[in-house]
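What follows is a single structure, written as structure tokens, with notes after it.
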2 protein chains.
Amino acid sequence: MATVSYVLNDKGNISEETRKRVLDVAERLGYRPSGAARSLKTRKTGNIGVYLPGFAGPVFGEILQALHDAVFPLGFEIIACSTQQSDRLLVERHVDGAIILNSFITDDTIEQIQSADYPVVVMERIVKMPHVSCVVADNCKGSYMAVKHLLDIGRKNIALIVGNPESHENSQRLEGAKKAFQEAGIDISTVPIVHGAFSEEIGVYAMTSILQSYKDVDGVFCFNDEMAIGAIKAAMRAGKSVPGDIAVIGFDDIYIGSCINPALSTIRVDKWSWGHLAATTLVDMINNGSPGRLITLPTKLIVRQSTADPVFGYSNNK
Amino acid sequence: MATVSYVLNDKGNISEETRKRVLDVAERLGYRPSGAARSLKTRKTGNIGVYLPGFAGPVFGEILQALHDAVFPLGFEIIACSTQQSDRLLVERHVDGAIILNSFITDDTIEQIQSADYPVVVMERIVKMPHVSCVVADNCKGSYMAVKHLLDIGRKNIALIVGNPESHENSQRLEGAKKAFQEAGIDISTVPIVHGAFSEEIGVYAMTSILQSYKDVDGVFCFNDEMAIGAIKAAMRAGKSVPGDIAVIGFDDIYIGSCINPALSTIRVDKWSWGHLAATTLVDMINNGSPGRLITLPTKLIVRQSTADPVFGYSNNK
DNA sequence: CCTGTCTAATTTAACGTTTCACTATTTAAT
DNA sequence: ATTAAATAGTGAAACGTTAAATTAGACAGG
């Protein structure tokens with residue numbers, strides 16, 4: 001038994017002859033090691049739990065792909081769990097660590113997981129606990145760039161369509177926007193801020209209400225791309241041209257934003273890097289017991305037609 | 001030890017008093033059962049392996065969601081694996097069964113998995129093996145409806161943009177289309193068939209070549225929505241109106257198809273039902289040892305603007 | 001009072017690996 | 001020639017559960 005184990009794991013001292021013999025017999029018998037027994041003994045499962053609010057959103061697919069691609073070659077697999085409540089039978093079994101990209105999961109739950117000695121990586125907010133790393137986009141800087149860009153192309157009356165006020169992302173994005181206004185000498189209290197969730201419908205609704213209440217708005221920064229797409233639709237339906245009358249910029253850089261007409265300007269968060277960083281950080285914590293740390297992911301301004309600056313000759317196609 | 005086990009699993013005869021006592025101590029000690037040990041003993045993991053070619057596609061997110069939602073309340077979790085090669089360390093550990101929606105995984109591999117007594121559900125082709133169920137869309141009928149619809153709205157010169165020729169989906173869709181042409185008395189050999197893969201770029205390319213080679217084509221059936229979207233883009237870029245000059249219909253009913261302009265007519269495959277059927281079938285095989293069976297999922301014609309029939313007064317918005 | 005049934009709790013043997021400790025053999029060093 | 005070190009292989013305990021078999025009482029029927 002021991003010899004077989006050593007052969008299969010390339011450990012210990014075994015002659016080339018017996019190694020061959022073991023391998024042959026294993027092959028002939030169709031032997032497959034039991035993951036359960038192995039996990040029991042080694043206290044490793046080779047699984048990573050990923051907690052999302054859902055699979056269908058435009059970002060989650062790309063992130064899952066990045067996580068999987070980073071983790072698979074290292075011998076791990078992904079247990080994906082979508083949940084809108086924090087309470088279910090989370091981790092508790094079969095995983096070596098967890099990646100959380102789900103604001104429905106409370107700090108309390110994370111505390112429980114990490115205090116059971118599971119390393120955790122959180123991707124959408126900042127949590128300070130010993131076994132928890134955070135890999136977050138630089139929302140503040142990104143937001144700053146978005147507002148600055150609208151100002152740079154000469155927009156004077158900018159409105160914000162913000163997201164879920166409880167979310168960490170939202171408050172960071174708000175902070176960055178404020179900073180840009182401040183630097184431009186604009187009193188933040190004069191900026192129309194329409195609250196909403198992060199969905200396309202809310203974007204439609206929010207833009208409609210802006211058009212009614214603030215007739216001179218000529219630039220809108222939406223705190224994510226989905227709302228921005230809704231906002232563009234609403235503006236065009238109301239007979240406004242984008243970016244002619246109103247320039248619109250979003251945040252995240254979801255794929256569909258590049259397809260619509262006018263193509264959406266946005267702040268890019270590179271999903272591949274984000275996922276890879278989160279994954280490798282977690283694996284490092286699992287394998288080497290590294291402590292939690294904070295990693296910030298840079299963001300990048302992507303200028304497309306929805307904020308094309310007529311002055312500098314971007315053409316507004318159609 | 002046994003008593004604790006019985007309490008935790010609601011089995012055997014235990015007095016209310018000791019049950020309480022056990023539960024209390026467990027709570028106080030923060031006791032968490034070991035999934036590995038439990039799996040070792042019960043030979044169940046509570047995990048289901050899902051094999052996709054990738055996470056990012058427009059269908060996979062919805063399917064994953066449906067699978068997860070169906071399976072989670074039954075006490076299972078999903079191990080998702082995206083792979084473009086068949087050979088990697090597949091199942092082999094930690095799963096009670098597998099769901100395959102990935103043409104990269106060969107019949108040989110499936111044979112191996114099922115012969116190791118893992119039940120398998122295949123979602124994109126038909127495989128006849130004892131432990132394998134197939135849950136497939138009615139591609140043939142759907143395809144038939146698509147062509148029939150183009151004929152019904154008066155299109156005389158229909159072209160096909162087909163997908164990957166090796167795929168089961170493709171051959172079924174081809175068969176259905178042929179049947180519709182046959183019934184209408186059209187010689188299939190006169191129908192332009194452009195080959196390609198299932199991607200948007202190929203759709204662009206295929207439509208461009210159709211416009212060059214077959215000037216009188218007034219209707220195109222693309223074997224999936226992504227190609228159809230590419231085809232519409234290509235047609236419009238070439239100055240054709242859709243559906244005025246060329247009606248276009250796709251297959252699958254991906255979300256984005258309903259957003260584009262003109263909105264894409266298509267054959268709907270309900271992702272929710274598809275996923276739920278696959279999931280419940282697999283769980284039934286796992287729990288009750290049910291044998292493999294074949295389930296066909298109905299498809300449905302969805303008429304939108306890209307095939308709006310001017311005769312019957314559908315308006316082509318702009 | 002004996003026997004049988006029922007409930008409650010306990011003992012014990014797995015489940016299939018890994019790994020420490022050990023033996024036996026060979027090779028090297030003095 | 002003796003000892004030490006390296007190489008190959010084996011035995012057995014342990015990982016944390018479950019479940020079959022067993023024990024110990026309590027209660028009922030004859």
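Given the structure is predicted, the values throughout are model-derived calculations rather than measurements. Every chain is numbered from 1 and lettered A, B, ... according to where its sequence line falls, protein lines coming before strand lines.
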Next on the checklist: Among B:Arg268, B:Lys271, B:Arg173, exactly one meets salt bridge (Lys or Arg N to Asp or Glu O under 4.0 Å) together with B:Asp252. Which residue is that?
Outcome noted: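 Running salt bridge (Lys or Arg N to Asp or Glu O under 4.0 Å) over B:Arg268, B:Lys271, B:Arg173 with B:Asp252 returns exactly one hit, B:Arg173.
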Item to check | Sugar-phosphate, base or nothing in reach of A:Ser39, heavy atoms under 4.0 Å | outcome: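 Since no nucleic acid heavy atom lies under 4.0 Å of A:Ser39, the category is nothing.
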Using whole Å, report how far [atom1] of [X] lies from [atom2] of [N].
| X | N | atom1 | atom2 | value |
| --- | --- | --- | --- | --- |
| B:Glu16 | C:dA9 | CD | C1' | 15 Å |
| A:Arg43 | D:dT17 | CZ | C1' | 13 Å |
| A:Ile14 | D:dA6 | CD1 | P | 19 Å |
| A:Arg38 | D:dG16 | CZ | C1' | 18 Å |
| A:Lys11 | C:dT19 | NZ | C1' | 8 Å |
| A:Arg19 | D:dG9 | CZ | C1' | 14 Å |

Compare side-chain N and O positions of [X] against OP1 and OP2 of [N] and report whether any pair is under 4.0 Å apart.
| X | N | answer |
| --- | --- | --- |
| A:Ser15 | D:dT7 | no |
| A:Thr42 | C:dT18 | no |
| B:Ser5 | D:dT18 | yes |

Candidate nucleotides [options], ranked by approach to the side chain of [X] - the nearest:
| X | options | value |
| --- | --- | --- |
| B:Met1 | D:dT18, D:dG9, D:dG16 | D:dT18 |
| A:Leu40 | D:dT17, C:dT17, D:dC15 | D:dC15 |
| B:Ala2 | D:dT17, C:dT10, C:dT19 | C:dT10 |
| B:Asn9 | D:dT17, D:dT18, C:dT18 | D:dT18 |
| A:Asn13 | C:dA9, D:dT18, D:dA8 | D:dA8 |

Next on the checklist: Within the 3.5 Å criterion, strictly below it, is a donor on A:Ser82 or B:Gln65 matched to an acceptor on the partner's side chain?
Outcome noted: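 A:Ser82 vs B:Gln65: donor-acceptor pair found between side chains.
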Next on the checklist: Under a plain distance cut-off of 3.5 Å, with no hydrogens placed, do A:Thr296 and A:Asp138 share a side-chain donor-acceptor pair?
Outcome noted: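 Their side chains do not contain a donor-acceptor pair, so the 3.5 Å distance test is not met.
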Checklist entry - Taking the six-membered ring for Trp, are the ring centroids of A:Phe55 and B:His68 within less than 6.0 Å of each other? => result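 Yes, they do, as the ring centres are separated by less than 6.0 Å.
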Item to check | Atom NZ of A:Lys44: over 12 foreign heavy atoms under 6.0 Å | outcome: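 Counting other residues, nucleotides and ligands, NZ of A:Lys44 exceeds 12 neighbours.
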Checklist entry - Nearest nucleotide by nearest heavy atom, which residue falls closer to the 5' end of DNA chain D, B:Ala37 or B:Tyr6? => result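 Checking each residue's closest nucleotide, the 5'-ward one belongs to B:Ala37.
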Next on the checklist: Determine whether a donor-acceptor pair (one donor, one acceptor, N or O, separation below 3.5 Å) exists between the side chain of B:Lys41 and the base of C:dA14.
Outcome noted: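 Side chain to base: pair present.
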